[in-house]
Amino acid sequence: MHISESSRAAVIQPRSTLSDTALQTVAPVRWHRPLLWVAAAMAVLTVAALVLRFVDAREVTGLNAWDKPLKFAISTLIYCVTWSWLIGQVTRFTRISRACGTVIALALAIELALITGAAAFGTTSHFNVSSPTATVVWSVMGTSITVLWLATFVVSVVLIVSPLGDRARAVAIRTGAVIALLGLGLAYLMTGPTAQQLDDFQGIAGAHTVGLPDGGAGLPILGWSTVSGDLRIPHFIGMHALQALPLLLIALELLSRRVAVLRSVAVRTGLVWTGAAGYLAVVGLVTWQALRGQSIVQPDVATLVSGAALVLAMAVSTLVVLARGARVPSQ
């Protein structure tokens with residue numbers, strides 16, 4: 001049987017000649033492996049620190065010595081898995097983004113190794129310049145945090161210029177990354193010496209707490225002050241926009257199976273923008289509260305009124321987006 005040249009070419013056509021669209025449809029997410037390795041190490045550290053906090057009664061700044069490694073391990077695990085997935089979404093500047101992911105992984109590994117080492121020796125890692133060794137440890141940590149921020153900034157820019165699916169998904173990922181970058185940067189508010197430390201230097205330069213020395217009454221494990229302002233709160237909340245806003249988008253997509261108005265990309269996009277604006281406002285509110293030396297569990301009238309106004313604005317914005325979407329056929 002005679003087979004034409006054109007038919008033969010079609011039979012032996014290599015997969016590489018398939019359309020880019022088809023390949024992108026079936027291609028799995030390219031998880032960033034070094035970040036996953038660090039995440040796995042954090043899972044092990046989480047279990048170890050959880051056990052050690054019950055067998056080692058030593059305290060550092062009012063908390064069990066292993067509370068800090070425990071909470072940092074959990075936060076770092078979540079952070080690494082999230083960035084590993086996000087970097088896997090990038091289709092432009094992939095080499096740059098993956099290189100920055102490796103830098104993020106190394107910076108986090110160094111920081112957690114030093115935090116864990118300090119806990120093992122029963123001392124504090126942050127702000128400690130009480131000896132040459134402690135000063136070196138804190139200097140290395142400060143450098144790793146700065147490198148982490150810069151690498152995160154670069155990857156965030158790459159996410160902004162990369163296609164990320166529909167508009168709602170793109171907005172959720174990009175705003176989450178930008179707010180998380182801001183939250184990461186808020187850590188620098190803690191690194192300067194307080195007036196009390198300058199007046200009576202005791203080897204500590206910097207503090208979490210505003211208005212009182214570190215180590216007072218605080219929430220279990222988290223340690224957030226229950227009697228004064230605490231800058232760890234806006235830092236924590238800001239950083240986890242990286243997970244909160246994509247999770248909001250996922251929830252909206254799941255609800256769209258039952259709620260017709262949410263099947264519109266425009267509606268989901270509007271709701272994600274509303275969520276991002278509200279989240280950023282919350283970061284601003286708790287930062288303002290902390291800088292005034294006010295505990296998160298003892299809000300004054302100004303904080304309560306501001307919070308109520310924020311909730312009202314969010315509710316009105318949500319209703320407006322849904323009302324507009326209900327008048328337009330689903331996309």
Side-chain angles (χ1 to χ4, degrees), residues 32 34-35 37-39 41-42 45 49 60-61 67-84 86-87 97 99-119 121 123-130 132-157 176-194 197 203-210 214 222-224 230-243 283 286-287 290-291:
H32 188 277
L35 282 166
W37 294 338
V38 174
M42 292 305 102
L45 178 57
V60 177
T61 62
D67 279 351
K68 178 173 282 190
L70 175 61
K71 61 186 179 182
F72 268 79
I74 295 172
S75 181
T76 300
L77 189 159
I78 297 170
Y79 193 80
C80 285
V81 171
T82 305
W83 270 118
S84 178
L86 286 174
I87 290 173
S97 63
C100 287
T102 301
V103 171
I104 291 172
L106 288 172
L108 289 171
I110 291 171
E111 183 181 9
L112 266 294
L114 294 174
I115 289 172
T116 304
F121 282 100
T123 187
T124 182
S125 51
H126 287 68
F127 322 129
N128 190 349
V129 290
S130 60
T133 300
T135 301
V136 169
V137 169
W138 174 231
S139 298
V140 172
M141 288 184 65
T143 301
S144 69
I145 293 168
T146 301
V147 170
L148 170 67
W149 191 92
L150 291 172
T152 303
F153 173 81
V154 173
V155 182
S156 298
V157 171
V178 170
I179 297 173
L181 192 66
L182 172 64
L184 192 62
L186 288 173
Y188 289 99
L189 293 175
M190 306 180 226
T191 58
T194 66
Q197 289 169 347
I204 301 295
H208 305 125
T209 310
V210 177
D214 286 346
L222 290 173
W224 296 347
D230 199 312
L231 290 167
R232 287 173 293 189
I233 298 170
H235 173 57
F236 175 88
I237 294 175
M239 280 185 61
H240 288 291
L242 193 66
Q243 293 82 35
V283 174
V286 295
T287 302
L291 288 173

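Annotation for Pro234 and Thr287: closest pair CB-OG1, 3.0 Å, computed over non-hydrogen atoms. Residues Trp83 and Ala177 come closest through the heavy atom pair CH2-CB, 4.2 Å. Heavy atoms only, all atoms of each residue included: Leu112 and Ala73 are closest at CD1-N, 4.0 Å. Between Ala39 and Cys80, the closest heavy-atom pair is CB-CB, 4.0 Å. In terms of heavy atoms, Leu222 sits closest to Lys71 at O-NZ, 2.6 Å. Across all non-hydrogen atoms, the minimal contact from Val155 to Ser97 is CG2-O, 4.0 Å.
Every residue meeting the side-chain hydrogen bond (donor to acceptor under 3.5 Å, both in side chains) condition with Thr102, not counting sequence neighbours, appears here in chain and number order: His32. Taking Thr123 as the reference, Ala118, Phe121, Asn128 meet the side-chain contact (heavy atoms from CB on, under 4.5 Å) condition, with sequence neighbours excluded. By the side-chain hydrogen bond (donor to acceptor under 3.5 Å, both in side chains) test, His235 is found to be paired with no residue, residues two or more places apart in sequence or in another chain being considered. In this view, His208 and Phe127 satisfy the ring pair (Phe, Tyr, Trp, His ring centres under 6.0 Å) rule, not counting sequence neighbours. Residues satisfying the ring pair (Phe, Tyr, Trp, His ring centres under 6.0 Å) test with His240, not counting sequence neighbours, are Phe236.
Among residues at least two apart or in separate chains, side chain to side chain donor-acceptor pair (under 3.5 Å) pairs with a member in residues 144-154 are Tyr79-Thr152, Thr146-Tyr188.
In this structure, CE on Met42 lies 11.5 Å from CG on Leu35, to the nearest 0.5 angstrom. Rounded to the nearest 0.5 angstrom, Thr124 OG1 and Ile115 CD1 are separated by 9.5 Å. The CZ atom of Arg232 sits 5.5 Å away from atom OG1 of Thr209, with the distance rounded to the nearest 0.5 Å. To the nearest 0.5 Å, the span separating OG1 on Thr76 from CD1 on Ile104 amounts to 12.0 Å. Rounding to the nearest 0.5 angstrom, the gap separating the CG atom in Leu189 from the CG atom in Leu291 is 6.0 Å. Here OG1 of Thr116 is found 4.5 Å from CG of Leu45. Values are rounded to the nearest 0.5 Å.
A donor-acceptor pair under 3.5 Å links the side-chain atoms of Ser139 to the main chain of Thr135, judged by distance alone.
With contacts defined as side-chain heavy-atom distances shorter than 4.5 Å, the pair Leu86/Leu242 qualifies. Side-chain contact between Glu111 and Leu108 is present, with at least one heavy-atom pair separated by less than 4.5 Å. Using a 4.5 Å cut-off on side-chain heavy atoms (C-beta onward), Ile237 and Val286 make contact. Between Leu231 and Leu186, the closest side-chain pair of non-hydrogen atoms is not below 4.5 Å.
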